[in-house]
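Input: a single structure, listed below in structure tokens.
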Amino acid sequence: MSEQANEYDVFAIQEKWLPVWDELKPFNSGVEGDPRPKKYVLDMFPYPSGDLHMGHAEAYALGDVIARYWAQKGFNVMHPIGWDSFGLPAENAAIKRGLDPKGWTYDNIAQQRASMRRYACSFDWDRVLVTSDPMYYRWNQWLFLQFYKKGLAYRKNSNVNWCPSCQTVLANEQVVQGLCERCDSVVTKKALTQWYFKVTDYADRLLDDLDTLEGNWPAKVLTMQRNWIGRSTGAEVEFEIEGRTAPISVYTTRPDTLHGATFMVVAVDSDLAAELASQATPNVRQRYQAYLEEVKKSNDIERLATDRKKTGVDTGLHAVNPINGEKLPIWLSDYVLADYGTGAIMAVPAHDDRDYEFAKAFDLPIRTVVQTEEGDPAELGKATVGDGILVNSGELNGLNKAEAIDRAIEILAARGKGHAAKNFRLRDWLISRQRYWGTPIPIIHCADCGEVPVPEDQLPVELPSAAGLDLKPKGSSPLGAAEAWVNVACPSCGKPAKRDSDTMDTFVDSSWYFLRYLSPNSQTAAFPVDAAKQWAPVDQYVGGVTHAILHLLYARFFTKVLHDIGLVDFEEPFTRLLNQGMVLMNGSAMSKSRGNLVRLSDQLDEHGVDAIRLTMAFAGPPEDDIDWADVSPGGSAKFLARAWRLAGDVTSAPGTSFAAGNKDVRRLTAAFLRDFSESIETFKFNVGVAKIMELVNGLRKAIDGEVGGADPAVREAAEAVAKALSLFAPYTAEDMWAKLGHQPGVALAGLPEPEQELLVVNNLTAVVQVDGKLRDKFDVSVSITEDELRALAMNSENVQRAIGGREIANVIVRAPKLVNIATK
RNA sequence: GCCGAAGUGGCGAAAUGGCAGACGCGGAGCACUCAAAAUGCUUUUCCGAAAGGAGUGCGGGUUCAAGUCCCGCCUUCGGCACCA
């Protein structure tokens, strides 16, 4: 035997097994007639911004543990991968380097793909998709047209979030603290005609169905989604307006406080405000114009400042309170949002903080109508918002808040002045982007026919070449300048018309990609309906919590629409969700500018793939962040070598029956198999790794001790180590498997169920406590009786010394494990 | 401000209400070696020579028994934030 055969050389075994796996394709799924039960395990697909980084390494290591676990457990696991390859970074990088976004993107994909292969992810390489392929985005367009037919895709003009740096609009979800999520520029507003998806039609279902995910999704994500959708209930109330035929409707969650309304406020940037101003005096009109200018100039950062003074303009007009006929002055202000509720509110300063501040700022009356435990607003100097008893409120007097809300709605309904209503924080999804590198919107604008959908048999509307186009952001889509592309005949009347030159938000791409994996190359359908029934929804989704709102909400929305169209038979796309944490370095996110960037390729070159993957899994609970400064890939490599060496010490032949093996070692293996499976299924990968380490330690002792390497139980244990290790360290595991005399394929060798009789415990350690403190231990039979155990405890010298002559108050015996003696 | 989660050795972390600190990193010691590396073994919560005592952010409570359950704080992190 050569020296090398006993040397663990990670790099040599990586080279050795990769080509073998390429040949074997152990993880191909969807083979005709496969009898195994299915499991769809999905990792969030990467954006090809360069080579894989440490964050990818963690996410894919953890996703792979799950996928490989179910494969070992005998499931037909589908575990595909693809690239979310449209989007701004490609375009920005391309502009910066003077390249074609396409070339840049596909070069990066090739690099990531090679890295994933080396990283030994258990992906099904026959199911790959790339969203910037016309073959993929053709179906974005097709789905857009289905949405359009259902009235779920529509165009409207409104003030949209505008990033002056990216020169494009942003969905609400892409504005973080008033800043562009991509580039941190201050987001401004701009009036534009844009395409929207009508997510709000699904708001109730998106909210209510979160209950079905309870326990299977992280509670944090469910909370974030609930907050984001933000359903509130209350009433719409109609106020007659002097000098206006139509009444103004306001939304309130507190119709009980209707008698406390002392003025009305209309969002200054709403159409309604413009109309009211036009009826006001020239003086008011002038002040409105000036105020509106000022408000439009301010951005969200300023708007959100908490100590901001309330501002506004009095229209001089009046509304009539439908519950008591009082005349209320109508003000215009920016503290009321134009796009929530009706864009107008009834102000109850005594019982709403914002209204209170406004009333104080402009010296408007404050009338208490709810007596709460907090006290009276007039004395407190602030609004009271809690429950209480209604006063100064006519027929509502004496009721509590909930009763008064119901009663007020009844009264309003009876008079035809209002009704119960609900509202959502969620807004419709703005999907138009004025950029090149995305899915063209399949609509043609015709002077005569208006919006004309591109006929489905003319899809895809392919992106023209970027050559000759100015991709620099300038506020309108670069595609508008592609003359040959943009000018077409109207499909309806044949006259000259123009293509819509905007592209879709890339979140459209990722809202249904999990279905496309079922037939990534299909030319005839977005996805096969029958296969979707079999494979979908995704059993286990793995990805970062950064997508807790955006991506997951949109994918849930798409799924519900697809369900309603009859294309899928389920309503939630991802049955279980695991959010892995981030990889940090010295306490903060890695970045070049911070100078704390750890390069994945360097780590892999230094420690090997297996050690890095194992480190990711062993560092802690998967949802926690990993600080790379706190973990030890070197330690992982050492452990792997230790485990690997075991295989060389097994001298029995493969196929040897384990039954005659050493019982203690067999029990060790059986307990391991039980605990390991539980650890993995509950996502305690770090504990699972610890269990392997324990088995390896025990096995080392057995081999070096009296049991010896020839005992069949030692083979049984070593094979269990190899199989379990294959989830974390596929190369090491495969090489162990070969050294143990097997054909390649440890990944599918199967983790056996533990033999029940080996799990039966005959003896254990009973503990004796005195006043809750440990004083003695005994090895006892599990069948020991309470009396026997009590006697054993009372006879112990240690126990007697601890009691020290005090009177015994109580003796708790929990045979066979514990005795607790309480003294007085 | 509102909502939520989390606080355990020098460090990453374990622990169905029942032996706190599994498993590792780091440290210390020993064996092998001319020596080192590698490997193996021992040890490592704190105070104490030991006996023993203390100990899971702080203060209470429930319980024979609390890291775990309840109440009140503190700190950190995350989400939302003029949504009427």
Side-chain angles (χ1 to χ4, degrees), chain A residues 6-8 176-178 218-228 230-232 234 250-255 257 261 265 267 303-306 308 310 333-337 339-348 351-355 357-358 385 423-427 545 548-549 614-615 618-621 623-636 638-639 641-642 645 675 679 684 686-697 700-701 704 765-777 801-802 808-814 817-823:
Chain A
N6 284 319
E7 281 299 314
Y8 173 72
V176 178
Q177 310 268 297
K220 180 182 172 181
V221 174
L222 294 175
T223 304
M224 284 165 73
Q225 294 242 334
R226 288 191 178 109
N227 290 341
W228 190 262
R231 180 164 60 197
S232 87
V250 306
Y251 174 72
T252 177
T253 55
R254 295 294 303 276
T257 62
V265 187
R303 268 183 84 112
L304 293 175
T306 46
R308 196 156 175 265
K310 290 278 184 284
S333 176
D334 66 349
Y335 88 90
V336 171
L337 306 176
D339 59 351
Y340 183 78
T342 63
I345 62 151
M346 64 176 212
V348 184
H351 305 295
D352 181 280
D353 292 326
R354 299 147 300 184
D355 297 346
E357 282 170 35
F358 194 86
V385 296
N423 260 301
F424 296 89
R425 212 191 80 102
L426 183 71
R427 307 298 205 276
V545 73
I549 297 172
L614 186 73
T615 302
F618 186 54
E623 57 276 9
D624 286 7
D625 291 345
I626 299 173
D627 193 326
W628 203 247
D630 292 335
V631 296
S632 172
S636 299
K638 244 168 80 174
F639 163 71
R642 184 174 154 84
R645 264 183 261 115
D675 296 346
S679 300
K684 292 173 182 172
N686 55 330
V687 179
V689 173
K691 296 293 173 192
I692 304 178
M693 289 172 167
E694 283 179 343
L695 184 59
V696 166
N697 291 343
R700 182 82 262 155
K701 278 201 174 71
D704 293 347
T765 304
V767 302
V768 184
Q769 302 173 328
V770 176
D771 292 325
K773 282 187 184 133
L774 178 70
R775 293 304 177 184
D776 211 345
K777 297 182 189 186
R801 183 161 8 103
I808 293 171
N810 195 3
V811 180
I812 307 289
V813 184
R814 291 280 179 273
K817 283 172 115 175
L818 172 131
V819 177
N820 190 13
I821 300 162
T823 65

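Model, not experiment: these values are computed from the prediction.
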Checking base pairs now: Watson-Crick or wobble, both atom distances under 3.5 Å. What partners [N]?
N      : value
G52(B) : C47(B)
U33(B) : none
A38(B) : none
C2(B)  : G79(B)
G9(B)  : none
C69(B) : G61(B)

Handout entry: Whether Arg254(A) side chain and Asp352(A) backbone form a donor-acceptor pair below 3.5 Å
Key = no
Exercise for the section: Could you tell me whether a side-chain N or O of Asn423(A) sits under 3.5 Å from a main-chain N or O of Ser232(A), the two making a donor and an acceptor? Expected result: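 No; judged by distance alone, with no hydrogens or angles, the pair does not exist.
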[X] versus [Y]: any side-chain heavy-atom pair under 4.5 Å?
X         : Y         : value
Val545(A) : Lys220(A) : yes
Val767(A) : Lys777(A) : yes
Asn686(A) : Pro621(A) : yes
Val348(A) : Thr252(A) : no

Practice task
Scan nucleotides 16-32 of chain B nucleotide by nucleotide, 5' to 3', and note B when protein non-hydrogen atoms come under 4.0 Å of the base, S if they reach only the sugar-phosphate, - if neither.
Solution key: --BB--BBSS-------
Could you go through nucleotides 78-80 of chain B and list every protein N or O atom that sits under 3.5 Å from one of its N or O atoms, giving the distance for each pair?
unit_1	atom_1	unit_2	atom_2	d
C80(B)	O3'	Arg425(A)	NH1	2.8

From [atom1] of [X] over to [atom2] of [N], roughly how many Å is that when rounded to an integer?
X         : N      : atom1 : atom2 : answer
Asp771(A) : A66(B) : CG    : C1'   : 15 Å
Asp624(A) : U76(B) : CG    : P     : 19 Å
Asp353(A) : C2(B)  : CG    : C1'   : 11 Å
Glu623(A) : G12(B) : CD    : P     : 16 Å
Met346(A) : A84(B) : CE    : C1'   : 9 Å
Arg700(A) : U42(B) : CZ    : P     : 13 Å

Taking the same atom, [atom1], in [N] and in [M], what whole-Å distance lies between them?
N      : M      : atom1 : result
C80(B) : G59(B) : C1'   : 31 Å
G12(B) : G18(B) : C1'   : 27 Å
G21(B) : U44(B) : C1'   : 12 Å
G7(B)  : A13(B) : P     : 10 Å
U68(B) : A49(B) : P     : 32 Å
C11(B) : A5(B)  : P     : 26 Å
U42(B) : G52(B) : C1'   : 25 Å
G17(B) : A6(B)  : P     : 15 Å

Problem - Atom pair CG/CD of Asp776(A) and Gln769(A) - distance to nearest 0.5 Å - result: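 Here the interatomic distance stands at 12.0 Å.
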Handout entry: CG-CD1 distance between Asp771(A) and Ile808(A), expressed to the nearest 0.5 angstrom
Key =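 Rounded to the nearest 0.5 Å, the CG-CD1 separation comes out at 10.0 Å.
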Protein and nucleotides 50-56 of chain B: nitrogen or oxygen contacts under 3.5 angstrom:
unit_1	atom_1	unit_2	atom_2	d
G52(B)	OP1	Arg801(A)	NH1	3.0
G53(B)	OP2	Arg775(A)	NH1	3.3
A54(B)	OP2	Lys773(A)	NZ	3.4

Handout entry: Residues which pass ring pair (Phe, Tyr, Trp, His ring centres under 6.0 Å) with Phe618(A), listed by chain and number, not counting sequence neighbours
Key =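 Phe618(A) satisfies ring pair (Phe, Tyr, Trp, His ring centres under 6.0 Å) with no residue once adjacent residues are dropped.
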Exercise for the section: If the glycosidic angle is within 90 degrees of 0 it's syn, otherwise anti, so just tell me which one G24(B) is. Expected result: anti
Exercise for the section: Could I get the full list of side-chain contact (heavy atoms from CB on, under 4.5 Å) partners for Lys701(A), not counting sequence neighbours? Expected result: none
Exercise for the section: Would you please name every residue forming a salt bridge (Lys or Arg N to Asp or Glu O under 4.0 Å) with Asp704(A), sequence neighbours left out? Expected result: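 Only Arg700(A) meet the salt bridge (Lys or Arg N to Asp or Glu O under 4.0 Å) criterion with Asp704(A).
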Exercise for the section: Specify the residue among Asp355(A) and Ala641(A) whose closest nucleotide of RNA chain B lies further upstream toward the 5′ end. Expected result: Ala641(A)
Practice task
Would you please confirm or rule out a distance under 4.0 Å between OP1 or OP2 of G40(B) and any side-chain N or O of Arg645(A)?
Solution key: yes
Practice task
Output yes when at least one side-chain N/O atom of Tyr335(A) is less than 4.0 Å from OP1 or OP2 of A84(B), else no.
Solution key: no
Handout entry: Distance-only donor-acceptor check, side chains Arg642(A) and Asn697(A), under 3.5 Å
Key = yes
Practice task
Name the orientation class of the two ring planes belonging to Tyr335(A) and Phe358(A) (parallel below 30°, tilted from 30 to 60°, perpendicular beyond 60°).
Solution key: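 Tyr335(A) vs Phe358(A) ring planes: tilted.
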